[in-house]
Student: 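Take a look at this one; I'll ask things after.
Lettering follows sequence order; numbering is per chain, from 1.
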Protein chains: 2
Amino acid sequence: MKPTFVGCMVESRPPANPLFLREEELRQGIELMFYAYRDFTFESDQQLKRYGLGRAHHRALYFIGRHPGHTVGHLLSILKVTKQSISRVLKDLLEQGYVEQKSGARDRRERLLWLTEKGQALEQELTGRQSQRFARAYRETGAEAVDGFRKVLLGLLDPAERAIVDKRVRGGAR
Amino acid sequence: MKPTFVGCMVESRPPANPLFLREEELRQGIELMFYAYRDFTFESDQQLKRYGLGRAHHRALYFIGRHPGHTVGHLLSILKVTKQSISRVLKDLLEQGYVEQKSGARDRRERLLWLTEKGQALEQELTGRQSQRFARAYRETGAEAVDGFRKVLLGLLDPAERAIVDKRVRGGAR
DNA sequence: CAAATAGGTCAATACTATTGACCTTGTCAA
DNA sequence: TTGACAAGGTCAATAGTATTGACCTATTTG
């Protein structure tokens, strides 16, 4: 199939279709997100296998380390899973001495969670690989790109979540 | 513990610790990635339930639509799962008429995959919600941020994957 | 023809998650 | 003090996704 109007063929796609370009652009974002998440989780998943743990355990370790002394309920609101689901994970981590709990002083129904030293070590080991990946990406792309990256990720959140997550991520506080 | 040198206390964190700041910055990226992915997948997962399908079915639909006429092997190399895993998903999609296959002309061992019209409709419905989320985020943050977002996501990939993914994402070709 | 490749299949197992029902402990207000 | 409600746990059933391992067919290719 030969081009009849060579002037249009400088680029490989038809030029005057902004809607098409937009959908294309959006799909590229979706795909990159998939590919990045795929690779981002791979290494720590491998590491977790050696400990007989899964990705859910890493998530719990991560957020308990990030928010020490916070409640099970807070963890649930971060992970957005059911308590039956987190319960299995916490049971494993408590039994194996990665996490310890104390009942709340303010409200004694609450279980406050901390990483033990062993838990901190494992969390560091698991997150370390992911941090290195981020460090490499940040180094290669520069501060401006990193800023854009963070802005878009925040923009992808449910609107109701943004303020909460932004505060949680920046402040470390609840 | 009172500050002895008030000049340092303009900001709430100690200033002269670049290593700490760097780790903090990396963890913020990791977390935002988690939160964004969590919200990004939620809506289409809900929609999938109504069809009795799971996220794996969406992934297959997505990439078959994105790379029509490509082989099962190519799909495997994108998703990085085993053939036993994709097999279940493809069986469902074929049986329910979302996907059709033809044996390859070049190599008759190959199964080339296409979406049916029904498959295209479902894929559009599922991806549409995610596209809208991306469109909103892109609109709110601007072209520069989007560019940074994409650069960092590419940087997060395994180095061996980058050229492949970059080409796949931009070109649509294998 | 023999080796390699694309793909499928059966079986066992594991991890993550859900819904639903029901329980204990503790808080707080009427 | 009692009753409503909240934090959290537990048992059971089910589902979705994925793995490893073994073995099979059809087809291509050296």
Side-chain angles (χ1 to χ4, degrees), chain A residues 34 37-38 41-42 44-64 69-96 99 101-113 126 174, chain B residues 34 37-38 41-42 44-64 69-96 99 101-113 126 174:
Chain A
F34 165 76
Y37 205 80
R38 180 198 67 180
T41 50
F42 184 79
S44 44
D45 281 1
Q46 294 297 104
Q47 196 68 8
L48 281 157
K49 261 187 220 161
R50 284 177 232 160
Y51 291 90
L53 301 172
R55 199 184 293 179
H57 297 94
H58 184 192
R59 286 201 287 257
L61 282 172
Y62 182 92
F63 285 109
I64 293 169
H70 282 214
T71 65
V72 171
H74 184 226
L75 198 53
L76 287 179
S77 76
I78 289 174
L79 300 176
K80 298 243 186 105
V81 293
T82 58
K83 60 183 176 177
Q84 292 92 326
S85 195
I86 205 65
S87 148
R88 168 189 61 94
V89 170
L90 284 180
K91 206 179 106 211
D92 294 343
L93 296 176
L94 285 162
E95 275 174 8
Q96 292 170 45
V99 168
Q101 54 180 328
K102 298 169 194 161
S103 64
R106 181 187 64 206
D107 183 338
R108 285 169 50 217
R109 287 171 303 182
E110 293 180 334
R111 272 168 60 187
L112 311 183
L113 303 169
L126 294 168
R174 182 191 292 239
Chain B
F34 164 77
Y37 205 80
R38 179 197 69 179
T41 50
F42 184 78
S44 44
D45 282 1
Q46 293 299 103
Q47 195 69 8
L48 281 156
K49 259 186 222 160
R50 284 177 232 160
Y51 291 90
L53 301 173
R55 198 185 293 178
H57 297 94
H58 185 192
R59 286 202 288 259
L61 282 173
Y62 183 91
F63 285 109
I64 293 170
H70 281 214
T71 65
V72 171
H74 184 226
L75 197 52
L76 287 179
S77 76
I78 289 174
L79 301 176
K80 297 245 186 105
V81 293
T82 58
K83 62 183 175 177
Q84 293 92 324
S85 195
I86 204 65
S87 147
R88 170 188 62 94
V89 171
L90 283 180
K91 206 180 104 211
D92 294 343
L93 295 176
L94 285 162
E95 277 173 8
Q96 292 170 46
V99 168
Q101 53 179 327
K102 297 169 194 163
S103 63
R106 179 187 66 206
D107 182 338
R108 284 170 50 217
R109 288 171 305 180
E110 292 179 335
R111 270 169 61 187
L112 311 184
L113 303 169
L126 294 168
R174 180 190 294 236

Student: Under 4.0 Å: is that the gap between some side-chain N or O of A:Arg59 and OP1 or OP2 of C:dA17?
Tutor: yes
Student: Could you tell me how far apart B:His70 (NE2) and C:dG7 (C1') are, to the nearest whole angstrom?
Tutor: 18 Å
Student: Can you tell me how far C1' of C:dT9 sits from CG of B:Leu94, to the nearest Å?
Tutor: 15 Å
Student: Taking for each residue the nucleotide of DNA chain D with the nearest heavy atom, is it B:Lys83 or B:Val89 whose nucleotide lies nearer the 5' end?
Tutor: B:Val89
Student: Look at the side chain of B:Gln101 against the base of C:dG7 and say whether a donor-acceptor pair falls under 3.5 Å; ignore hydrogens and angles.
Tutor: no
Student: Side chain of B:Gln84, base of D:dG21: donor and acceptor closer than 3.5 Å?
Tutor: yes
Student: Roughly how far apart are B:Asp92 CG and B:His57 NE2, rounded to 0.5 Å?
Tutor: 3.5 Å
Student: May I ask you to evaluate whether A:His74 reaches the phosphate of D:dA7, defined as a side-chain N or O under 4.0 Å from OP1 or OP2?
Tutor: no
Student: Let me spell it out: for each of B:Ile86 and A:Leu53, pick the nucleotide of DNA chain C with the closest heavy atom. Which residue's pick is nearer the 5' end?
Tutor: B:Ile86
Student: Does the side chain of B:Val89 reach to within under 4.5 Å of the side chain of B:Val81, using non-hydrogen atoms?
Tutor: no
Student: For A:Gly73 and for B:Arg108, locate the closest nucleotide of DNA chain D by heavy-atom distance; then report the residue assigned to the nucleotide nearer the 5' terminus.
Tutor: A:Gly73
Student: Between C:dA17 atom C1' and B:Asp45 atom CG, what is the distance in whole Å?
Tutor: 11 Å
Student: Looking only at N and O atoms, is any donor in the side chain of A:Arg109 or the base of D:dA6 less than 3.5 Å from an acceptor on the other one?
Tutor: yes
Student: Within this structure, what is the CG-to-P distance between A:Leu75 and C:dA17, rounded to whole angstrom?
Tutor: 11 Å
Student: Check the distance between C:dA14's P and A:His57's NE2 and give it to me in whole angstrom.
Tutor: 14 Å
Student: Hey, which sits more toward the 5' end of DNA chain C by its nearest nucleotide, A:Lys80 or A:Ala105?
Tutor: A:Lys80
Student: Calculate the interatomic distance between B:Arg55 atom CZ and C:dT18 atom P; express it in whole Å.
Tutor: 11 Å
Student: How close do A:Tyr51 and A:Gln96 get, heavy atom to heavy atom, and via which atoms?
Tutor: O-OE1, 4.4 Å
Student: Roughly, in whole Å, what's the span from NZ in A:Lys91 to C1' in D:dT10?
Tutor: 10 Å
Student: Nearest to the side chain of B:Asp107, heavy atoms from C-beta on, is which of C:dT16, D:dT27, D:dT17?
Tutor: D:dT27
Student: By nearest atom, which of the nucleotides D:dT17, C:dT19, D:dG8 is closest to the A:Thr82 side chain?
Tutor: C:dT19
Student: Look at the aromatic rings of B:His58 and B:Tyr62 and report parallel, tilted or perpendicular, splitting at 30° and 60°.
Tutor: perpendicular
Student: With a 4.5 Å limit on heavy-atom distance, are the side chains of B:Lys91 and B:Glu95 in contact?
Tutor: yes
Student: Rounding to a whole Å, what distance do you find between B:Arg88:CZ and C:dA11:C1'?
Tutor: 16 Å
